[in-house]
Colleague: 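Structure in structure tokens, see below.
Quick note: numbers below take in every heavy atom, side chains included, and nothing from hydrogens, waters or symmetry partners. So you know, we letter chains A, B, ... as the sequences are listed, proteins then strands, and number each from 1.
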Amino acid sequence: MIIDWGFLLGRLSLDALPDNIVTVLGALGGLFGVLLIVGLLTVTRRWSWLWKTWITSLDPKKIGVMYLVVAGIMLLRGLADVVMMRVQQALFATNGAGPIDADMFQQVFSAHGTIMIFFVAMGIIFGLINLIVPLQIGARDVAFPLLNSISFWLFFAGMALMNVSLAVGEFSTAGWLAYPPLSGLEYSPGTGVDYWIWALQIAGIGSLLSGVNFLVTIFTMRRKGMTPMKMPIFVWSVIGSMLLVVFAFPILTATLGMLTLDRTIETHFFTSDLGGNPMMYVNLIWAWGHPEVYILALPAFGVFSEIVPVFSRKRLFGYTSMVWALMAIAVLSFTVWLHHFFTMGAGANVNAFFGIMTMIIAIPTGVKVFNWLFTMFRGRISFKTPMLWFMGFITTFTIGGVTGVLLAVPGIDFQVHNSLFLVAHFHNMIIGGVVFGAFAALAYWWPKLTGFRLHEGLGVAAFWSWLVGFVLAFGPLYILGLMGAARRLDHYDASLGWQGLFVVAGVGVMIILLGVFFQVLQLAYSIWKRDELRVGTDPWDGRTLEWSTSTPIAEYNFAALDAVEQRDAFWAMKSSHVREEATKFSDIRIPKNSGFGPGIAAVAFVGAFAVIWYMWWLAAVALVVTIVLAICAGMREDVERTITAEQVAAIEKKLWRTRRA
Amino acid sequence: MSVQEEALEEKRLLSKTSVGFWLYLMTDCLLFATLFATFAVLRDATAGGPAGRDIYEMPLVLAETLILLTSSFACGLALIAMTQKNIRQVLIGLGVTFVLGATFLFIEVSEFTKLISEGHGPQTSAFLSAFFTLVGTHGLHVFIGLLWLSVLAYTIWRRGITSKLTRQLTLFGLFWHFLDLIWIFVFTVVYMMGVVR
């Protein structure tokens, strides 16, 4: 009997390797990077160190750093995609030639959107939350440390899957939200959309679990005396964001699940035949997608609400209205999803409703803008890099907000929908809001986490490059959009006269790249010269609890858990001089390391890869292993270790001595 | 750590895990809400295939409903026995829950196989895609519940009722009742409203 072993590989064959020169270079570059890291780790014998200190760590500070590292690397990959698109549009788009063909161009913009939202912006947000929230609420850990590690590693597995598509197979050509019927089996029979689906599905489940984790952390683990209205405003913004995660991500999970069924067992949810309804997909994906925008934006608002008071040396103006504005935005974000497809036939009254709801969101956002400005009013402002990023944010974000209100008018939307005007608008919000927020947060909290600050001059240079580059890169897109340039063009007719503006946009991107270069330089230089840049535990004269603990921060965060009496708890402690160094310590229990996170994520990666390539036997194996791992994770005993009071005293003595030296 | 602190810690742990599990249940609820919404939209998209009233076997569905509700009752009894530390009754309660849950699943799977063998599989029409997915997702949850239940029962049999198992059993109770609640909606929205029209 002859057995056909072909089923072992499913539809995977040598044809899956890249043939296009750009993809080959990208894949080789990625492979080289991975090999370089593996080689370095092996030569320096760091594997066991990596495994014990980072990979299996359940310390949210370490998990936070890992999120930021992954997000940083993915930011570079997303930028590489941008460069390809801009070069194509500026230099080659009028004669139809160029290094990138139409199919490749589609993969590039789909990958750019997916990477930037899911693996950069989400990574930054969850990294910041992991790093800062437990410290700000004065807790020693998160509610479910193992779950937190699983979340991160699922995020990592999604990222890995996304990048594997560069070397094995192809990526989706259906845009970052993969509308059917284009993303259906009929029009996208390859593996691209499947890679997209599973990268998002795995990372999305990780985000969902994180959302639950951080809500429980904030609800149940706050320092004694920290009533809701005494919480730092960043924590409030995280509550808003995580509530949205918990409400919105299940919709994504279900929607991607149905698209998977359409593509694997040929059901008819979103097909154009046998009763399928593609519009259902568009509704569902935006019912998740619009809140997703605020999942990213709210924590950025929170970051700025922390930075502005510290650098203006004033209390935050209108704390209560800030909290209400955050919650109002969170609720309203679920009532506007239809504005993403005004032109798709919902009818005038429905469009009017969603248009008005969209404009209403501008009200709480406006409240926040004015609160920030009033916080600065008559403050003693110091224009350090975090504050510069805020100034950049408030300008670009307000412009983006204004163009957003324009787009919210259905009549105008009919003119500019699906054009570069829209592209410029949402980059205004995401770069001006989320990305600038992330950079501000990095400059602001870096000294707390490392004990030295980042070089100021290079930070300023990076800021100005980003701001100028941003204006040049997206200003022309508004104009082009108004002139009728559709988004996602790999070529256009030379007689339209658009090329000049595309060249300006390309120059803008180059200036942004210069900014990124300054940032990399800033990181490298600051780490190199860290002894000159060393600062104390509280370099900015901070107001919230994270500045009250030692630097570097002990793994248990706080040795003593003094009760909180008012808002800006650390500021109050400093000004009333009640703060004395703790002398009496007690035992602290912290979670032991665990390999379940990376383990479960590795199996998820293998399972997803198997489904993408139709290796059903491997998918079944992965499913069974997942169940076994889940059972084992649930049955774990003896998950904590104790740091005795004497050890705590010794650690504290050492940490605080370094500060004084 | 003193006994008192130990008890306080246990209470804190229980409240943390329950809050977390309630939140998880809410996310699951939204997942079902999405599937229900899709079903509601696609219900009449039969594309020449059978409509609900042509294929539903209501007596069987009623039996499923009663069986699942009774299993929840048995699960409730097991939880009461747990508070009294009565291992034998806990195991009997869980055993009955398992048998009833498995019967429910068996009926559902045979309903599905019968439909597919008659040529009314999920590929037939958008309506049947939505039907199989919604009802099947509930069934998948029941299956996961049965797995969880077996592991719990086995551990209780081996280790007795520890504080950790008490916590897990409480969560399992929440999960099982939640599945009941979802089924009530499936019964009403999918089956009853399907035959009425």
Colleague: Take atom CH2 in B:Trp157; do more than 12 heavy atoms of anything else shown fall under 6.0 Å from it?
Modeller: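 Open: at most 12 neighbouring heavy atoms sit under 6.0 Å from CH2 of B:Trp157.
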Colleague: Given the options B:Ala126, B:Ala47, B:Ser15, which has more heavy-atom pairs under 4.5 Å with chain A than any of the others?
Modeller: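 Counting heavy-atom pairs under 4.5 Å, the top option is B:Ala126.
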Colleague: CG of B:Leu42 to CZ of A:Phe270: how many Å apart, nearest 0.5 Å?
Modeller: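 With rounding to 0.5 Å, CG (B:Leu42) is 8.0 Å from CZ (A:Phe270).
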Colleague: Could you check whether atom CD of B:Gln4 has more than 12 heavy atoms from other residues, nucleotides or ligands sitting under 6.0 Å from it?
Modeller: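 It does not: B:Gln4 CD has 12 such atoms or fewer within range.
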Colleague: Can you tell me which portion of B:Arg159 sits under 4.5 Å from chain A's heavy atoms? Options are side chain, backbone, both or neither.
Modeller: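 Contact with chain A involves the side chain of B:Arg159 alone.
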Colleague: Taking all non-hydrogen atoms of both residues into account, name the closest pair between A:Glu266 and B:Gln123 and its distance.
Modeller: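 Where A:Glu266 meets B:Gln123 most closely, the heavy atoms are O-CG, 3.2 Å.
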Colleague: If I take atom CG from residue B:Leu128 and atom CG from residue A:Leu274, how far apart are they, to the nearest 0.5 angstrom?
Modeller: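 CG of A:Leu274 is found 10.5 Å from CG of B:Leu128.
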Colleague: Using 0.5 Å steps for rounding, measure from the CG atom of B:Leu23 to the CE atom of A:Met242.
Modeller: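 Between B:Leu23 CG and A:Met242 CE, I get 12.0 Å after rounding to 0.5 Å.
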Colleague: What part of A:Ile265 gets closer than 4.5 Å to chain B, counting heavy atoms only: side chain, backbone, both or neither?
Modeller: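 Contact with chain B involves both backbone and side-chain atoms of A:Ile265.
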Colleague: What part of B:Leu30 lies closer than 4.5 angstrom to a heavy atom of chain A: side chain, backbone, both or neither?
Modeller: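 Both backbone and side chain of B:Leu30 come within 4.5 Å of chain A.
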Colleague: Is it the backbone or the side chain of A:Ile627 that comes under 4.5 Å from a heavy atom of chain B, or both, or neither?
Modeller: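 Side chain only.
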Colleague: Please find the pair of heavy atoms, one from B:Val19 and one from A:Phe219, that lie closest to each other, and give the distance.
Modeller: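 That closest heavy-atom pairing would be CG1-CD1, 4.4 Å.
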Colleague: Using a cut-off of under 4.5 Å for heavy-atom pairs, which of B:Thr38, B:Thr124, B:Leu147 has the most such pairs with chain A?
Modeller: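 Among B:Thr38, B:Thr124, B:Leu147, the one with the most close pairs to chain A is B:Thr38.
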Colleague: Under the criterion side-chain contact (heavy atoms from CB on, under 4.5 Å), I'd like the reasoning laid out for A:Phe247 against B:Met26: C-alpha separation, chi angles, the key distance, then a yes or no.
Modeller: CA-CA 8 Å; A:Phe247 275 100; B:Met26 201 191 64; 3.8 Å; yes
Colleague: Give the minimum heavy-atom separation between A:Phe144 and B:Lys16, together with the two atoms involved.
Modeller: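 Closest approach of A:Phe144 to B:Lys16: CZ-O, 3.5 Å.
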Colleague: Is the count of non-hydrogen atoms from other residues, nucleotides or ligands lying under 6.0 Å from B:Phe185 atom CZ greater than 12?
Modeller: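 Counting other residues, nucleotides and ligands, CZ of B:Phe185 stays at 12 neighbours or fewer.
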Colleague: For the CD1 atom of A:Ile631 and the CH2 atom of B:Trp148, what is their distance to the nearest 0.5 Å?
Modeller: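 Going from CD1 on A:Ile631 over to CH2 on B:Trp148, the span is 12.0 Å.
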Colleague: Given that the side chain runs from C-beta out, which part of A:Ile251 has a heavy atom under 4.5 Å from chain B: side chain, backbone, both or neither?
Modeller: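 Both backbone and side chain.
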Colleague: So which heavy atom on A:Thr267 is nearest to which on B:Ser129, and how close?
Modeller: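 Between these two residues, the closest heavy atoms are CB-OG, 3.3 Å.
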Colleague: So, does B:Gln168 use its side chain to make a donor-acceptor pair with the main chain of A:Met635 at under 3.5 Å?
Modeller: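 It does not hold such a pair.
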Colleague: Given heavy-atom pairs under 4.5 angstrom as the criterion, report whether the side chain, backbone, both or neither of B:Thr155 touches chain A.
Modeller: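 The side chain, not the backbone.
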Colleague: Tell me if the CZ atom of B:Phe143 is crowded by more than 12 foreign heavy atoms within 6.0 Å.
Modeller: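 Counting other residues, nucleotides and ligands, CZ of B:Phe143 stays at 12 neighbours or fewer.
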Colleague: Any side-chain heavy-atom pair from A:Phe269 and B:Thr133 closer than 4.5 angstrom?
Modeller: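 A:Phe269 reaches B:Thr133 side chain to side chain.
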Colleague: Is the number of heavy atoms from other residues, nucleotides or ligands within 6.0 Å of CH2 (A:Trp337) greater than 12?
Modeller: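 For A:Trp337, atom CH2 is not crowded (no more than 12 foreign heavy atoms under 6.0 Å).
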Colleague: Counting C-beta onward and ignoring hydrogens, is there a side-chain heavy-atom pair between A:Arg589 and B:Glu9 closer than 4.5 Å?
Modeller: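 A side-chain contact under 4.5 Å exists here.
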Colleague: Show the nearest heavy-atom pair for residues B:Thr34 and A:Pro250, with the distance to one decimal.
Modeller: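 Closest approach of B:Thr34 to A:Pro250: OG1-O, 4.5 Å.
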Colleague: At what distance, to the nearest 0.5 angstrom, does CG of B:Leu35 lie from CE of A:Met258?
Modeller: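 The CG atom of B:Leu35 sits 5.0 Å away from the CE atom of A:Met258.
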